[in-house]
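Note that the structure is a prediction, hence the values are computed from the model and not measured. Below, read A as the first sequence line, B as the second, and so on, with proteins coming before strands; counting in each chain starts at 1.
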Amino acid sequence: MMRKYTYSPALYGILIALAMILSYLESLVPLSFAIPGVKLGLANIVTVFVLYKIGAGSAFLITAVRVILISILFGNIMSFAFSAAGMLLSLAVMIPMKKSGKFSVTGVSVSGGVAHNAGQILAAAVILGTKEIIYYLPVLCISGVLAGICIGLLSAQLIERVKI
Amino acid sequence: MKERKLRKNDILLIGILLVISGLLFFFAYIAKDSGGSVTISIDGLEIMELPLKDDIRIELSSEHGLEEGHRNTLHIKEGKAYITDANCPDKVCENKGSVCYVGETIVCLPHKLVIKVTEGIASDMDGVAG
């Protein structure tokens with residue numbers, strides 16, 4: 001019965017819209033006052049939720065569409081490059097972590113958070129051609145862990161309670 | 001389901017990541033060294049090097065290679081460099097505060113501007129003397 005809805009365009013539309021709204025809400029309350037790149041990543045709740053409820057391919061699709069649309073609406077080519085690098089690396093880590101079955105939602109989300117920040121730093125290092133940006137790594141590693149824990153715990157609740 | 005609960009592996013993963021962050025912080029800390037000068041790069045191109053010992057105020061604009069209308073004012077005072085008066089949207093470069101250790105940077109992503117502290121001449125002399 002559940003299968004019926006997992007490929008519905010309407011459901012994908014709702015999930016993408018939700019992810020975009022969460023991205024937008026977060027941009028209204030900037031946490032990155034001192035260190036660039038430090039943020040909670042509320043929209044990733046949707047990514048983790050879809051990863052568990054529907055599947056890896058759908059999680060990739062929904063996250064990619066969200067990143068592209070948010071960049072078109074509010075960002076520029078640079079912010080798109082950073083987001084895309086973070087997104088690709090975090091999904092590349094989260095999908096096998098989930099498949100391994102050794103970690104809970106929180107563990108998967110934490111690894112995704114750290115991978116996302118690492119991806120952004122790599123993109124910044126390549127685009128700006130400066131190695132010194134690596135000095136942000138310890139801060140972004142910790143912020144990735146903390147954000148990952150928050151997103152993981154929230155997502156775990158949603159995965160358990162929300163039926164699609 | 002078991003996927004929902006925090007497991008031992010998760011705690012282990014979080015612990016390991018925090019230890020790695022701590023080590024990175026530690027290495028970044030011991031590697032710190034007061035710099036002798038700052039280099040200014042715009043869009044990956046190094047445009048000038050300024051000594052940290054002199055007090056200077058320089059307004060970076062399109063004549064230095066920034067895009068038209070972009071502006072950042074770099075101050076060097078008492079051995080520290082900082083930016084004021086930037087017209088970038090996020091003001092991350094202003095909020096970064098002052099830098100003085102080798103390898104520290106002020107990055108203004110919207111303006112593709114990187115200010116980096118380097119050893120410069122002063123530290124080279126110390127190296128020879130030491």
Side-chain angles (χ1 to χ4, degrees), chain A residues 30 32-38 52 74-76 78-79 81-82 97-98 100-111 113-115 117 120 123-146 148-149 152-153 155-161, chain B residues 1-29 31-32 35 38-46 88-97 99 101-118:
Chain A
S32 52
F33 40 87
I35 306 140
V38 173
Y52 275 86
F74 307 112
N76 50 41
M78 293 272 275
S79 69
F82 295 137
M97 289 279 287
K98 191 218 157 202
S100 79
K102 292 195 172 65
F103 300 92
S104 75
V105 180
T106 309
V108 171
S109 165
V110 165
S111 64
V114 174
N117 287 352
Q120 290 207 319
V126 169
I127 291 171
L128 293 169
T130 166
K131 292 191 293 294
E132 276 64 32
I133 209 147
I134 302 286
Y135 281 82
Y136 285 133
L137 204 56
V139 182
L140 288 187
C141 190
I142 287 182
S143 86
V145 170
L146 296 180
I149 292 172
L153 293 175
S155 305
Q157 291 298 319
L158 285 173
I159 290 164
E160 195 165 312
R161 285 157 206 266
Chain B
M1 276 205 254
K2 61 181 193 260
E3 277 174 343
R4 318 288 186 260
K5 283 222 185 83
L6 205 59
R7 281 195 261 165
K8 216 169 84 183
N9 281 339
D10 298 317
I11 309 284
L12 207 65
L13 175 79
I14 292 167
I16 288 171
L17 286 171
L18 287 179
V19 168
I20 292 174
S21 312
L23 285 176
L24 287 172
F25 261 123
F26 178 70
F27 285 124
Y29 181 75
K32 268 185 181 179
V38 285
T39 57
I40 303 166
S41 312
I42 293 169
D43 203 3
L45 212 73
E46 195 177 312
C88 50
D90 59 7
K91 306 279 184 212
V92 165
C93 52
E94 281 185 36
N95 294 331
K96 167 85 185 182
V99 293
Y101 294 109
V102 171
E104 269 193 302
T105 51
I106 304 177
V107 180
C108 184
L109 282 182
H111 292 182
K112 296 177 186 166
L113 170 73
V114 178
I115 314 269
K116 182 168 95 184
V117 181
T118 55

Could you check whether any side-chain N or O of B:D10 sits under 3.5 Å from a backbone N or O of A:T106, counting only pairs where one atom can act as donor and the other as acceptor? no
Looking at A:V139, A:L137, A:L140, which hits side chain to side chain contact (heavy atoms under 4.5 Å, CB included) with B:L24? A:L137
For chain B, find which of A:N76, A:I149, A:I142 contributes the most heavy-atom pairs closer than 4.5 angstrom.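 Among the listed options, the one with the most contacts to chain B is A:I142.
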Gap separating the [atom1] atom of [X] from the [atom2] atom of [Y], nearest 0.5 angstrom:
| X | Y | atom1 | atom2 | value |
| --- | --- | --- | --- | --- |
| B:L12 | A:F103 | CG | CZ | 8.0 Å |
| B:R7 | A:K102 | CZ | NZ | 9.5 Å |
| A:C141 | B:L18 | SG | CG | 7.5 Å |

Identify the heavy atoms of B:S21 and A:P138 that sit nearest to each other, and give their distance. O-CB, 3.8 Å
Where on B:L13 is there a heavy atom nearer than 4.5 Å to chain A: the side chain, the backbone, both, or neither?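 Looking at B:L13, just its side chain touches chain A.
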